[in-house]
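As the structure is a computational prediction, the values presented were derived from the model and not from experiment.
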Amino acid sequence: MPSNSTDPSMQARMLSTLLANLEGMVYRCRLDDSWTMEFVSEGCLSLTGYKEEDILFNSRVSYEDITHPDDREYVRTTIMAAVKQNRRFDLEYRIVRADGKVRWVWERGTNISHTHKTWDVLEGFIQDITERKEADEALREAERRYRSIFENAIEGIYQSTPTNGYLAVNPALARMYGYDSPRELISTLRDIEHQVYVDPQRRVEFMRLMEQHGVVTNFESRIYRRNGEIIWISENARAVYNSAGKLLFFEGTVEAITERKLHEAEIQFQATHDALTGLPNRTLMYDRMQQAILHSQRYGNLTAIAFLDLDQFKFINDSLGHQVGDELLKITAQRLTGCLRESDTVARQGGDEFVLLLTSQPNEESITQTMQRVLHEVSQPWKANDLDFQITCSIGVTLCPNDGRDAETLLKNADSAMYKAKELGRNNFQYFAAEMNTSVTDRLELLNRLRQAIPNDEFVLHYQPKLNLNNGRIIGVEALIRWETPTGRVSPASFIPLAEETGLIIPIGEWVLRTACRQNRDWQKAGYPPIPISVNLSPRQLARGDIVDLVSRVLQETELDARYLELEITESVMATDVDKSFAMLTELRALGVKISLDDFGTGYSSLSYLKRFPVDTLKIDQSFVRDIATSQDSAAIVKAIISLGHNLNLNVLAEGIETAEQSRFLQQNGCDEGQGYLMSRPVPYRDFLKLLSAQ
């Protein structure tokens with residue numbers, strides 16, 4: 001049976017089926033102004049929205065009309081150029097469908113010339129490529145966005161190889177590293193490990209993390225900029241592999257974090273250092289002490305901890321002001337640092353207390369030499385308010401491992417030794433001894449009891465009369481505090497320095513002033529002859545600045561006439577903040593009270609101050625009176641003070657008179673008044689009233 005494969009009808013059906021299944025439209029059109037279609041395949045409807053009969057021979061619409069107006073010239077120019085060159089044409093353009101929607105199409109065709117026709121025809125294929133065009137445009141937009149991000153990002157972005165430098169960098173990274181352009185950076189930095197990282201081991205660590213995890217996160221390093229400047233950066237990066245698992249490159253971002261690192265360092269410094277002096281604070285000192293103790297235990301070397309306290313700092317701080325006190329602390333910090341090695345540490349414990357940590361000491365002798373050097377340097381004169389001052393310190397030293405094996409114990413022992421140094425006259429250092437802990441415990445107990453002395457009504461006043469040396473009559477009295485506890489009397493020499501140091505002298509001094517004024521007024525009301533009563537003022541009371549108000553208030557409360565109150569101050573008051581002291585004493589004198597300069601001759605007062613200040617009486621210190629019979633120097637000093645006082649129209653009183661010989665010498669040389677054991681010891685107020693009655 002013959003084959004029917006050449007049957008024309010069969011071939012027509014096959015061709016029709018083939019054309020119908022094509023995603024697009026096969027066409028044949030004339031090369032005229034309307035692109036007149038002579039044939040279109042079934043794909044015409046889905047492509048253009050028009051039926052075949054609508055477009056054939058321009059029956060309803062021409063293909064020229066379907067072509068987007070903005071693309072018509074382009075389409076005709078492109079096709080005509082191909083026809084003239086007798087080649088295929090291939091182009092993309094837009095059409096407007098019957099529903100008004102604009103679609104992108106791709107057309108490919110050729111020119112077919114016929115000798116028997118007066119026009120040429122085009123044959124070709126048109127396909128809707130809108131989705132591809134939209135995908136391409138989306139891809140291009142994504143690329144544009146990526147490129148914009150890459151070019152304009154404030155973070156550095158890079159691709160780099162493990163060994164051959166950078167493949168791509170953005171402008172931000174180039175600027176960050178100090179280069180004019182990405183190209184310049186890429187061409188210059190070929191050895192990242194050594195050209196970029198300050199510590200090459202950071203690159204080694206970077207590679208290790210990449211090999212182990214494939215990523216690095218917040219990887220902080222110091223790197224070199226082009227000019228040699230060192231900055232901090234933080235990297236986030238990942239490894240990129242091909243489908244075969246081969247490493248292609250690293251890609252990541254870089255952030256400059258120098259300011260953050262400096263801020264963190266500043267915060268860390270503030271957390272571990274004293275704001276005033278810049279020295280390590282007790283937190284950092286404690287940490288270093290722990291390390292030093294462990295080192296001593298492991299290697300058997302000697303570590304010393306010295307606890308240092310400035311002598312009389314509170315007086316300087318209160319009388320001259322906190323600004324001067326702060327300056328003194330800074331000067332002391334510098335001097336202490338200069339006395340120690342770089343491996344040692346000076347820390348500020350708080351207030352005027354410092355701790356010295358001396359590590360790996362060869363022997364105790366080297367520690368002693370260091371402490372002697374510290375005492376010498378701290379005691380050097382310094383200037384404030386145009387005055388020269390000299391301040392000393394007391395130091396307690398404890399040794400590790402001899403005196404303790406933990407920081408708390410060693411600091412406690414050093415503190416105990418420091419208080420022992422103060423008890424021994426200050427301006428010295430003492431090594432810790434076990435019995436010192438008992439002394440510290442006693443001191444703390446005394447302080448606790450002292451805080452309760454006023455509430456428990458344990459203070460009393462004793463009175464020592466002042467006599468006219470010419471006639472022996474009582475012309476005044478000095479009020480002196482005594483502490484009577486349930487277990488016995490506590491010496492003023494024990495509790496007065498402690499009260500000064502802790503500030504308890506303020507309420508104690510106010511109690512003395514009020515009690516003395518009230519009892520003097522009571523004596524007068526009882527008919528006893530009125531005489532002035534003297535009260536000692538502490539430098540800390542004067543430094544507070546409210547002494548004038550306090551005295552005025554007490555006089556008003558007790559109804560004591562101001563002329564019967566005498567306030568005794570020390571010479572040092574006149575040498576500190578002269579203008580303030582002068583104004584304060586002038587205001588006190590304006591109230592009507594008398595001013596007496598106590599312990600004259602032992603301080604540093606200037607004669608110009610003495611002439612200027614409103615003082616009524618000079619009190620010759622008992623240390624001169626004690627030796628006037630045996631020491632020509634003391635006798636000469638006493639004569640000079642008496643002469644000086646009289647030349648300035650001041651009353652002169654000698655204290656500490658214990659022998660008749662001393663009394664005769666003073667009387668013969670014109671001293672006006674005296675007090676001491678020769679006349680009377682300080683006595684309770686009832687005994688003093690008996691002395692007044694007997695007179």
Side-chain angles (χ1 to χ4, degrees), residues 199 201 265 268-269 271-274 277-310 332-379 392-424 426-441:
D199 179 6
Q201 288 301 311
Q268 177 65 20
F269 185 87
T272 57
H273 289 74
D274 174 55
T277 63
L279 294 177
N281 59 17
R282 78 179 89 183
T283 300
L284 182 55
M285 169 56 73
Y286 186 85
D287 180 67
R288 292 186 180 178
M289 284 183 62
Q290 297 282 61
Q291 297 177 29
I293 291 169
L294 292 174
H295 196 271
S296 289
Q297 293 173 349
R298 181 174 300 174
Y299 298 103
N301 50 27
L302 194 61
T303 295
I305 292 91
F307 200 104
L308 181 150
D309 182 87
L310 296 178
T332 302
Q334 295 170 0
R335 292 177 177 180
L336 293 176
T337 302
C339 292
L340 271 58
R341 306 167 302 173
E342 288 188 6
S343 58
D344 299 329
T345 300
V346 182
R348 185 182 176 200
Q349 177 78 356
D352 62 333
E353 297 174 338
F354 297 84
V355 175
L356 314 181
L357 175 62
L358 285 64
T359 60
S360 302
Q361 294 295 304
N363 49 52
E364 193 170 311
E365 182 180 355
S366 67
I367 300 171
T368 297
Q369 292 173 352
T370 300
M371 294 301 104
Q372 291 171 341
R373 186 163 59 249
V374 168
L375 289 173
H376 177 265
E377 290 300 321
V378 170
S379 64
T392 59
C393 64
S394 301
I395 308 173
V397 183
T398 187
L399 305 178
C400 174
N402 302 2
D403 300 329
R405 295 178 177 270
D406 61 85
E408 292 84 357
T409 300
L410 290 167
L411 279 175
K412 176 175 173 291
N413 292 343
D415 190 36
S416 300
M418 184 272 292
Y419 279 112
K420 183 64 176 179
K422 283 190 177 293
E423 290 176 6
L424 295 176
R426 308 180 183 232
N427 193 26
N428 71 94
F429 70 93
Q430 296 294 316
Y431 283 98
F432 172 75
E435 59 270 16
M436 291 180 180
N437 277 333
T438 302
S439 175
V440 172
T441 301

Exercise for the section: Apply side-chain contact (heavy atoms from CB on, under 4.5 Å) to Gln268 and list each qualifying residue two or more places apart in sequence or on a separate chain. Expected result: Thr272

Handout entry: Close side-chain approach of Thr368 and Phe429, heavy atoms under 4.5 Å
Key = yes

Completion exercise
By salt bridge (charged side-chain N to carboxylate O under 4.0 Å, His left out), Asp352 pairs with (sequence neighbours left out) none

Problem - Sequence-distant partners of Arg298, salt bridge (charged side-chain N to carboxylate O under 4.0 Å, His left out), two or more places apart - result: none

Exercise for the section: Please assess Arg341 against Thr370 for the test side chain to side chain contact (heavy atoms under 4.5 Å, CB included), listing each intermediate value before the final yes or no. Expected result: CA-CA 10 Å; Arg341 306 167 302 173; Thr370 300; over 6 Å; no

Problem - Flag side-chain contact, heavy atom, 4.5 Å: Phe432 against Lys420 - result: no

Completion exercise
In this structure, CG of Asp274 is separated from CZ of Phe269 (nearest 0.5 Å) by 9.0 Å

Problem - Side-chain heavy atoms of Leu279 within contact of Phe354, under 4.5 Å - result: yes

Practice task
Starting from the C-alpha separation in whole Å, work towards a yes-or-no answer on side chain to side chain donor-acceptor pair (under 3.5 Å) for Tyr299 and Ser360.
Solution key: CA-CA 9 Å; Tyr299 298 103; Ser360 302; over 6 Å; no

Exercise for the section: Check whether any side-chain heavy atom of Asp309 sits under 4.5 Å from a side-chain heavy atom of Gln349, and report yes or no. Expected result: no

Exercise for the section: Locate the shortest heavy-atom distance separating Gly278 from His273; write the atom from each residue and the value. Expected result: O-CD2, 3.3 Å

Problem - Nearest heavy-atom neighbours spanning Val397 and Ile395 - result: CG2-CG2, 4.1 Å

Problem - Gap between atom CZ of Arg373 and atom SG of Cys339 - 0.5 Å precision - result: 6.0 Å

Fill in the blank from the handout: Taking every heavy atom of Ala407 against every heavy atom of Ile293, the minimum-distance pair comes out as N-CD1, 3.5 Å

Handout entry: Contact summary for Gly404 and Cys400, nearest pair of heavy atoms
Key = O-SG, 3.7 Å

Practice task
Check whether any side-chain heavy atom of Thr345 lies under 4.5 Å from a side-chain heavy atom of Leu284, and answer yes or no.
Solution key: no

Practice task
Sequence neighbours left out, what pairs pass salt bridge (charged side-chain N to carboxylate O under 4.0 Å, His left out) with at least one residue falling in residues 281-292?
Solution key: none

Completion exercise
Taking every heavy atom of Ala421 against every heavy atom of Asn428, the minimum-distance pair comes out as O-ND2, 2.8 Å

Exercise for the section: State, yes or no, whether a side-chain contact exists between Met285 and Ile305 at a heavy-atom distance under 4.5 Å. Expected result: no

Exercise for the section: Flag the pair Met289 / Leu411 as yes when at least one side-chain heavy-atom distance between them is below 4.5 Å, and no otherwise. Expected result: yes

Handout entry: Asn413 CG to Leu399 CG distance, which is reported to the nearest 0.5 Å
Key = 10.0 Å

Completion exercise
The salt bridge (charged side-chain N to carboxylate O under 4.0 Å, His left out) partners of Asp403 (sequence neighbours excluded) come to none

Practice task
Check whether any side-chain N or O of Arg335 sits under 3.5 Å from a backbone N or O of His376 as a donor-acceptor pair, and report yes or no.
Solution key: no

Exercise for the section: Can you measure from CD (Gln430) to OG (Ser416) and round to the nearest 0.5 angstrom? Expected result: 12.5 Å

Practice task
State, yes or no, whether a side-chain contact exists between Val378 and Leu310 at a heavy-atom distance under 4.5 Å.
Solution key: yes

Practice task
Walk me through it: do Cys393 and Leu375 pass the test side chain to side chain contact (heavy atoms under 4.5 Å, CB included)?
Solution key: CA-CA 7 Å; Cys393 64; Leu375 289 173; 3.7 Å; yes

Exercise for the section: Report the distance from atom OH of Tyr286 to atom CG of Leu357, rounding to the nearest 0.5 Å. Expected result: 13.5 Å

Handout entry: Qualifying residues under side-chain contact (heavy atoms from CB on, under 4.5 Å), relative to Glu365, sequence neighbours excluded
Key = Asn363, Gln369

Completion exercise
Nearest heavy-atom approach of Gln361 to Asp344 is NE2-OD1, 4.2 Å

